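Data first, discussion second: the structure below is written as structure tokens.
Since we're looking at a predicted model, the values are computed, not measured.
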Amino acid sequence: VTHGATSGYGYGVLGDYKTLNTYYYNGWYYLYDVTKPMNGVIETRDANNGTTQGGYSVDSNNAFTSSGQAADVDAHKYAGIVYDYYYNTHNRNSFDNAGSTIISTVHYSTNYNNAFWNGNQMVYGDGDGTTFIALSGALDVVAHELTHAVTERTAGLIYQDQSGALNESMSDVFGYFVEPNDYLMGEDVYTPGISGDALRSISDPTAYGQPDHMNDYYYTSSDNGGVHTNSGIPNKAAYNTIVSIGKTKAEKIYYRALTVYLTSSSDFSDARAALLSSTADLYGYGTEYTAVENAWDAVGVY
Ligand SMILES: CCC(=O)Oc1c(C)cccc1C(=O)O
Ligand SMILES: [Ca+2]
Ligand SMILES: [Zn+2]
């Protein structure tokens, strides 16, 4: 065969075996997934500890089994899982709902305890080995980053103060919806030497220094007005909503709020209103509506 879709495999950041959608071309196998509907493509690249986009992640025998390939394996696999979540659950075709290619770059810089969406692609550091290991090794982190892209193309929540904290919260909340086995964020790649901890918790934001009530809103000029701190307040409201109406209904109202009602300057009170409008649209003014009111009352947002 000259070129085309192939099935490979590899080991992820935690040493776990996984199959991969790859592409054979001219003697090399690429982390390039063409199996998605509507021609959605997922491609994974390797910066090789530089700070450029890097070149395609390739392998000579379709077995991505070296330690240096683990971050590539997970970035690729998990981007595919997040694509599938948005398509299967919300009928959204990639972050722009137009099938744009989802690009990830791993091994960005050195000892880089960070992951981000740069406006065009996801970028993952390797961590310093103490605070983080390679950040693409956590599905909720990948979902968090790709949700920044979805938010950017929908509500466009400005990354500052309350709209910025909402931006962060949407990424954490969809990180939960994609990986609903716990209410923690980043636990799989955070502090390898400490078990049971996480970057954040949506069930108890205060466990990691975040407020869970407006009375404790953190006014600061750093971190774009504390967007990674104040996200605890809408995160707690989301947790309250999930516990009372269940994940299936909660993810529908959150997706509708993000894509229909929220705008770039929405604040926490606007988020409450957007979620109530979404709930009314989908389920009426019954128990679900009351549950969302109670969820936001409990965090002091009206
Ligand atoms: C859960 C993923 C996450 O929070 O990634 C970030 C990290 C690790 C550092 C700085 C910013 C971010 C982010 O994506 O907001
Ligand atoms: Ca998690
Ligand atoms: Zn974020």
Side-chain angles (χ1 to χ4, degrees), residues 140 144 147-148 150-152 154-177 182-186 197-247 249-283 285-302:
D140 57 6
H144 177 109
T147 299
H148 276 312
V150 173
T151 297
E152 182 186 80
T154 54
L157 288 160
I158 296 159
Y159 207 62
Q160 182 68 37
D161 301 328
Q162 286 195 22
S163 55
L166 279 177
N167 185 312
E168 269 302 303
S169 178
M170 284 294 171
S171 278
D172 281 352
V173 170
F174 280 94
Y176 166 77
F177 289 142
D182 55 58
Y183 292 112
L184 300 174
M185 288 304 301
D197 68 342
L199 190 57
R200 292 184 290 275
S201 163
I202 69 168
S203 59
D204 181 14
T206 68
Y208 300 104
Q210 292 186 291
D212 63 357
H213 194 283
M214 266 320 274
N215 291 340
D216 301 313
Y217 190 93
Y218 178 54
Y219 293 94
T220 177
S221 59
S222 62
D223 188 31
N224 297 97
V227 299
H228 291 94
T229 303
N230 294 309
S231 57
I233 295 163
N235 281 0
K236 181 71 176 188
Y239 169 74
N240 295 339
T241 302
I242 290 158
V243 167
S244 51
I245 70 173
K247 174 181 183 287
K249 290 178 178 174
E251 66 194 339
K252 293 272 190 297
I253 69 168
Y254 269 83
Y255 185 75
R256 184 168 179 80
L258 184 62
T259 56
V260 172
Y261 290 107
L262 289 171
T263 68
S264 58
S265 60
S266 294
D267 64 14
F268 289 179
S269 182
D270 296 326
R272 174 193 172 114
L275 288 157
L276 285 171
S277 296
S278 300
T279 305
D281 294 344
L282 294 169
Y283 307 112
Y285 293 92
T287 53
E288 298 86 352
Y289 192 90
T290 306
V292 176
E293 288 180 311
N294 293 339
W296 287 83
D297 288 353
V299 300
V301 174
Y302 302 98

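- Shortest non-hydrogen contact noted between Y254 and A237 is OH-C, 4.2 Å.
- Put simply, NZ on K252 and OG on S278 are 13.0 Å apart, with the number rounded to the nearest 0.5 Å.
- Contact annotation: the side chain of L275 approaches that of W296 to within less than 4.5 Å [non-hydrogen atoms, C-beta and beyond].
- Residues Y176 and M185 are not in side-chain contact: their nearest non-hydrogen atoms beyond the backbone lie 4.5 Å or more apart.
- Here the side chain of S171 pairs a donor or acceptor atom with the backbone of H144 at under 3.5 angstrom.
- The ring-ring contact (aromatic ring centres under 6.0 Å, His included) search around Y289 returns Y285, not counting sequence neighbours.
- Taking a cutoff of 4.0 Å between a charged side-chain nitrogen and a carboxylate oxygen, E168 and R200 qualify as a salt bridge.
- In this structure the side chain of H148 never reaches within 4.5 angstrom of the side chain of M170, judged on heavy atoms.
- To the nearest 0.5 Å, the span separating CG on N167 from OG on S231 amounts to 10.0 Å.
- Taking the six-membered ring for Trp and thresholds of 30 and 60 degrees, Y219 and Y217 have ring planes inclined between 30 and 60 degrees apart.
- D270 has its side chain out of reach of L166: every pair of non-hydrogen atoms, C-beta onward, lies at least 4.5 Å apart.
- Atom CD1 of I202 and atom CD of Q210 lie 10.5 Å apart (nearest 0.5 Å).
- Using modelled atom types, one side-chain atom of K247 and one backbone atom of F177 make a donor-acceptor pair closer than 3.5 Å.
- Put simply, the side chain of D172 does not reach to within 4.5 Å of the side chain of H228, judged on heavy atoms.
- By the 4.5 Å heavy-atom criterion applied to side chains, Y183 and I242 are counted as neighbours.
- With values rounded to the nearest 0.5 angstrom, D140 atom CG is found 6.5 Å from D182 atom CG.
- N230 places a side-chain N or O within donor-acceptor distance of the main-chain N or O of G225, the cut-off being under 3.5 Å.
- Among residue pairs with one or both ends in residues 210-230, none qualify as salt bridge (Lys or Arg N to Asp or Glu O under 4.0 Å); sequence neighbours excluded.
- Put simply, the side chain of S169 never gets that close to the backbone of A165: no donor and acceptor are under 3.5 Å apart.
- Formation of a donor-acceptor pair under 3.5 Å by the N240 side chain with backbone atoms of A295 is found in this model.
- Side-chain contact between T229 and T220: absent, with no pair of heavy atoms (C-beta onward) separated by less than 4.5 Å.
- Residues passing the side chain to side chain contact (heavy atoms under 4.5 Å, CB included) test with S163 are L157, I158, sequence neighbours excluded.
- Within a 6.0 Å sphere centred on OH of Y283, other residues, nucleotides and ligands contribute more than 12 heavy atoms.
- Nearest heavy-atom pair, L262 versus A274, reported as atom, atom and distance to 0.1 Å: CD2-CB, 3.8 Å.
- Distance OG/S264 to OH/Y159: 16.0 Å, rounded to 0.5 Å.
- Annotation: side chain of I245 is in contact with side chain of I253 (closest heavy-atom distance under 4.5 Å).
- Closest of all the heavy-atom pairs between P211 and P205 is O-CB, 3.7 Å.
- Put simply, OG on S265 and CD on Q162 are 11.0 Å apart, with the number rounded to the nearest 0.5 Å.
- Partners of A273 under the side chain to side chain contact (heavy atoms under 4.5 Å, CB included) rule, at least two apart in sequence or in another chain, do not exist in this structure.
- Listed here is the closest heavy atom pair of R272 and V301: NH1-O, 2.8 Å.
- A distance-only check finds a donor-acceptor pair linking the side chain of Y208 to the backbone of A198 [under 3.5 Å].
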*Just do the side chain to side chain contact (heavy atoms under 4.5 Å, CB included) check on F174 and L258 with the steps written out, would you?*
CA-CA 11 Å; F174 280 94; L258 184 62; 4.2 Å; yes
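- Listed for the K236 side chain is no donor-acceptor partner under 3.5 Å among the backbone atoms of D204.
- Partners of D267 by side-chain hydrogen bond (donor to acceptor under 3.5 Å, both in side chains), not counting sequence neighbours: none found.
- Side chain of S266 to backbone of T263: a donor-acceptor contact under 3.5 angstrom is found.
- Residues forming a side-chain hydrogen bond (donor to acceptor under 3.5 Å, both in side chains) with Y261 (at least two apart in sequence, or on another chain): D281.
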